[in-house]
Amino acid sequence: MSRFDEVDDQYDPHELEQQVFEYWDEVDAYEQTVEHRSDGESYFFVDGPPYTSGSAHMGTTWNKSLKDVYLRFLRMQGYDVTDRPGYDMHGLPIETRVEERLGFENKQDIEEFGEENFIQECKDYANEQLEGLQEDFQDFGVWMDWDDPYRTVEPEYMEAAWWGFSKAADRGLVEKGHRSISQCPRCETAIANNEVEYEDVEDPSIYVKFDLADRDGSIVIWTTTPWTVPANTFVAVDEDGDYVGVRAEKDGEEELLYVADAKHEEVLKEGRYDDYEVVEELSGEELLGWSYEHPLAEEVPDHVDAEGAFEVYAADYVDTDGDGTGLVHSAPGHGEVDFERGRELGFPIFCPVGGDGVYTEEGGKYAGQFVKDADPEITADLEDNGALLASGTVNHSYGHCWRCDTGILQIVTDQWFITITDIKEDLLENIEDSEWHPEWARDNRFRDFVEEAPDWNVSRQRYWGIPLPIWTPEDRDDDEDRIVVSDREELAERVDQDVDADDVDLHKDTVDDLTITDGDTTYTRVPDVFDVWLDSSVASWGTLDYPSDDSRFDELWPADFILEAHDQTRGWFWSQLGMGTAALGESPYQEVLMHGHALMPDGRAMSKSKDILIDPHEAIDRHGRDVMRMFLLSNNPQGEDMRFDWDGMQTMENHLRTLWNVFRFPLPYMRLDEFDPTETTLEDVDEDLELIDEWVLARLQSTKAEMTDAFEDRRQDRALDALIEFVVDDVSRFYVQAVRERMWAEEDSGSKRAAYATIYRVLRESIALLAPYAPFISEEIYATLTGEDGFDTVHMEDWPAVDEYFQDDRLEVDVSLLRAIEEAGANARQQAGRKLRWPVPRVVVAADDERVVDAVERHTELLEDRLNAREIELVSPDDRWEELQYSAEADMSELGPAFGDRAGQVMNALNEARIDEPSLEAIEDAVSDVLEDGEEITDEMVSFVTQTPDSVAGTAFGTDGDDRGVAYVDASLTDDIESEGYAREVIRRVQEMRKDLELDVEERIALEFSIDDERIADLVSDRKDLISEEVRADERRDVEDGHRKEWEVEGVTIEIAIEPLAAAEASD
RNA sequence: GGGCCAAUAGCUCAAUUAGGUUGAGCGCCACUCUGAUAAGGUGGAGGCUCUCGGUUCAAAUCCGAGUUGGCCCA
């Protein structure tokens, strides 16, 4: 492309973006950009790997766009950025998808299909999904190393997980444990607490009486899981709670029931007792040690049989005024808190339920039944045994498997743990080493989570994952003797079989058969795979292929920057910190940017399954990639959610269209004049720079400074605001308007060259500033501006630095004052009912300070021109314009302290007062009614406001909310003004009629017009030469066949007819 | 049920990070300009700052309770 080539009149994102894609391909734009920075300082970014199920949604799109804008920014700042994208490809979600595809129902189907085949299916599925994501991300214009993403299923990466785990083991942080975990009975695996999703469901709600063994009566418990009653081991109470004994009567029989005082009415109501009476008041402490009979002792013969079982104990999880009865049925074989307390009390852990949720032989009568199916039978048996006080149902939120939506069960099984709780202090300390945006995310949310984090259960009884690299002796069931393998090399060395370290696949089907023999002992592998969260937790070194490739680890690790949404606080932010600390004792990242979620326009969460979503592809179809990116990036990235908004998208498109117009406006002139930016630089035209040029260059400097600061604060949205304000407000609406005439001039001049050089610099730097946000349009404009002289891509440009030479705060203020005066003048004009087309005799500028005086004096002509005023009259701050009246405005920050609770009253009086001169005496006099003895109005309390005479309208002007003066437009009429005003009206109508005929700008016409008011007709005829020139009328004569129209203008009727001269000649 | 975050114009957000008469952009309406023209300019309407209490002469801002939404956890 050569410089200043013709460009489309219209900004058409789709065509443009397609061309840019092709162009990037053609010149290897990405590769060149990476190479260009290869000598720069290293910057280690780690991509949080999206999970490979499903396609990119608006949230991922926002996430990747944010990453892209920061990576591009960092590159422009000169860093050699590590930008390897990653994909999280293991785990239960993919297994369940594949199971669905294959029509599987349970683990047995998988075993029949074959582990190896199943793993292959999972791999294929994950890779398929990965391709879709890759395509989407590239389509959004994200620049990362797409040719070489890290995949958690590759041996190099899996090895990184092994290595991290073995380091943790070396540090004594790996142990096998018997724990209460959340189990999905369908997937037949433990799932992590953060994989449990809560949903409202209807469950049984039963009240059960446990008969007391050595005294009268029963204690009453409540549960929504009858199936846990067989495993009951003890009952817990709140030591400090209040309990009562109640004598209750139903159907003529009396019972003695013990429940919490706060709950007794509710419980007795549930039990439909006819009458009752509180007969005893006890503290929880008094209940301790009471023993009771297991209500299903016969049905479950293997029930717990231990010293001290079936007695009442204290536990801190009991609440006497929550749900239930204040006495809690506790089964250490199921509930997590029950388990902890049961262990403290030294009870055996009785769990008669298998991983599939079916009672084992220990379940006695219920053996072989799925626990939830056994609920009715158990309830019935309790009733038969006389233990059921009430039974019904309850709606409550209950945990479900995040993938298959099956209700989870709490059971106790053998699992492997990283004992995070042993290094809690280190974790909390390491938090301090990372900088978070926003800060509260770290100091509130994240810290709270880390403080409460339990040991990390990393084992899953599934197939598609990184196998645990643990080998244990064949016949032992503890973790006293174990081998943790750290990498493929060690594996090849130690196993009994022949393994090639370079091409061994580490998946379950491969490693399950490998054994290790040490002396007389044969070790076999623990069959579990890792929790998928462990996969991504090692990304900071997995990205570098460490340990198999150790060339960059020392230099780069830990990561400089990570950027994810707030759901990762408990996800990746946490798992990385946990793993980094367990394996290496350090936080694996130094800076975190935590963004929010993408919400629907009405604020609802997006949800693919409910079809509540906005598809990024639709956004692209409607507005293009640049617009979508700019919209996404214009949102605060720090912790707050973003509402998608189609109007916001449209606004961004309008801004880009404005930019496009600004960019293409000077091109024809530059082409015509053969302007060469390499020959005519800003330095060359320094002498000829006009004030407005210097001003726009000064604004450019402060825009760059503001943007850089905002970027460094991780507020790219504020940087974008600053850029848009500069381009749309300062460049388009002001600079281009002001500079047009200089470019129209046909002869060469210093002034014109200065304007060219200025706008060239402005455009070129603005486009560099825009490039991280809108890489496509930036590329196109950059290519047109630079031709052969620039880089092959704008993304190789340096981030524009502030040029001190052009910094000029004073000038920026001056021009903002002039613009404020101009705006106020336009406002005042409108109030006075005088259109801009009509000149006004004078505009009076009353300046509040010398700066304003200064600015107006230097730019009187500019102001006259812009305001279409015959004269500008300046009133200096020391003087008053004597034609004015005054009122006073109160300053509450002064009135408040002085008048206390009467401040409001005084304010109203001040605001209503009207006085002839702006003096304290006058105003005090006017508000004397509300002033009490000794009170006075001081200078600081009021500012005086002008009241204008007729035919004059005044509007205050100011900058940044501070008043700096008032512009008064005197709209009175004179013959001269009416003459020009009406003449301009005629000109404007003729121009419109020329447009009706679609005449060329240069085409000559014959003109006829008549005005039905004699005085005005005379006035207008004084300006007939002006009219003829402006509308290119060579002849003033009667027009017969031409275009004829009648207009109503400012109370008179004007009839106009025109005819192109060429047409008239042809018809002669 | 608990923790964190948010709530200001129809929409998206500001309000100088220990209170002082609420602002911008977009949208809407009216007017206007016409050598960027499916552009540009000016104005207007539109707010009990989510609710209820409290502190204070004065609260969008500080405190307490609640409501709604989002995320996380149980």
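Everything quoted here is computed from the prediction, not taken from an experiment. Only this structure's heavy atoms are used, side chains among them; waters, hydrogens and symmetry mates stay out. In what follows, chains carry the letters A, B, and so on, assigned in the order in which the sequence lines appear, proteins first and then strands, with residues in each chain numbered from 1.
To the nearest whole angstrom, the two P atoms, one in B:G23 and one in B:G46, are 14 Å apart. Comparing the P positions of B:C71 and B:G64 gives a spacing of 25 Å, expressed to the nearest Å. Separating the P atom of B:A45 from that of B:G10 is a span of 14 Å, rounded to the nearest Å. B:G25 and B:G19: their P atoms are spaced 28 Å apart (whole Å). With both ends at atom C1', the span from B:G27 to B:G43 equals 16 Å, rounded to whole Å. As rounded to the nearest Å, B:U16 and B:A6 have P atoms that lie 15 Å from one another.
Using the six-membered ring where Trp is involved, A:F573 and A:W436 have ring planes that are perpendicular, over 60° apart on the 30 and 60° scheme.
By the side chain to side chain contact (heavy atoms under 4.5 Å, CB included) test, A:E266 is found to be paired with A:Y207, A:K263, residues two or more places apart in sequence or in another chain being considered. Annotation: side chain to side chain contact (heavy atoms under 4.5 Å, CB included) contacts of A:D709 (sequence neighbours excluded): none. A:T224 meets the side chain to side chain contact (heavy atoms under 4.5 Å, CB included) test with A:D203, A:W222, A:V394, A:H396; sequence neighbours excluded.
Each of A:A605 and A:D721 was matched to the nucleotide of RNA chain B holding its nearest heavy atom; the match closer to the 5' end belongs to A:D721. When each of A:D729 and A:R989 is assigned the nucleotide of RNA chain B bearing its nearest heavy atom, the one mapping closer to the 5' terminus is A:R989.
Contact record, A:L656 with A:Y11: CD1-OH, 3.4 Å, taken as the closest heavy-atom pair.
With the 3.5 Å cutoff on both pairing distances, Watson-Crick and G-U pairs in RNA chain B assemble into runs of at least 3 at B:1-7 with B:67-73, B:10-13 with B:23-26, B:28-32 with B:40-44, B:50-54 with B:62-66.
Here the side chain of A:V662 is nearest to one of B:A36, B:G70, B:C13, namely B:A36.
In terms of phosphate contacts, A:R643 brings no side-chain nitrogen or oxygen within less than 4.0 Å of OP1 or OP2 of B:C11.
By the 4.5 Å heavy-atom criterion applied to side chains, A:K1045 and A:I1056 are not counted as neighbours.
Between A:R179 and A:D455, at least one side-chain nitrogen of the basic residue sits less than 4.0 Å from a carboxylate oxygen of the acidic one, meeting the salt-bridge criterion.
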Acceptor/donor pairs from residues 441-451 of chain A side chains to any protein atom, 3.5 angstrom cut, sequence neighbours excluded:
{"from": "A:R442", "atom 1": "NH1", "to": "A:S434", "atom 2": "O", "distance (Å)": "2.6"}
{"from": "A:R447", "atom 1": "NH2", "to": "A:E432", "atom 2": "OE2", "distance (Å)": "2.5"}

- Message: Does the protein touch nucleotides 3-8 of chain B at the base, only the backbone, or not at all? Give it as B, S and - per nucleotide, heavy atoms under 4.0 Å.
- Response: SBS---
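Donor-acceptor pairing under 3.5 Å, judged by distance alone, is present between the side chain of A:S732 and the base of B:A36.
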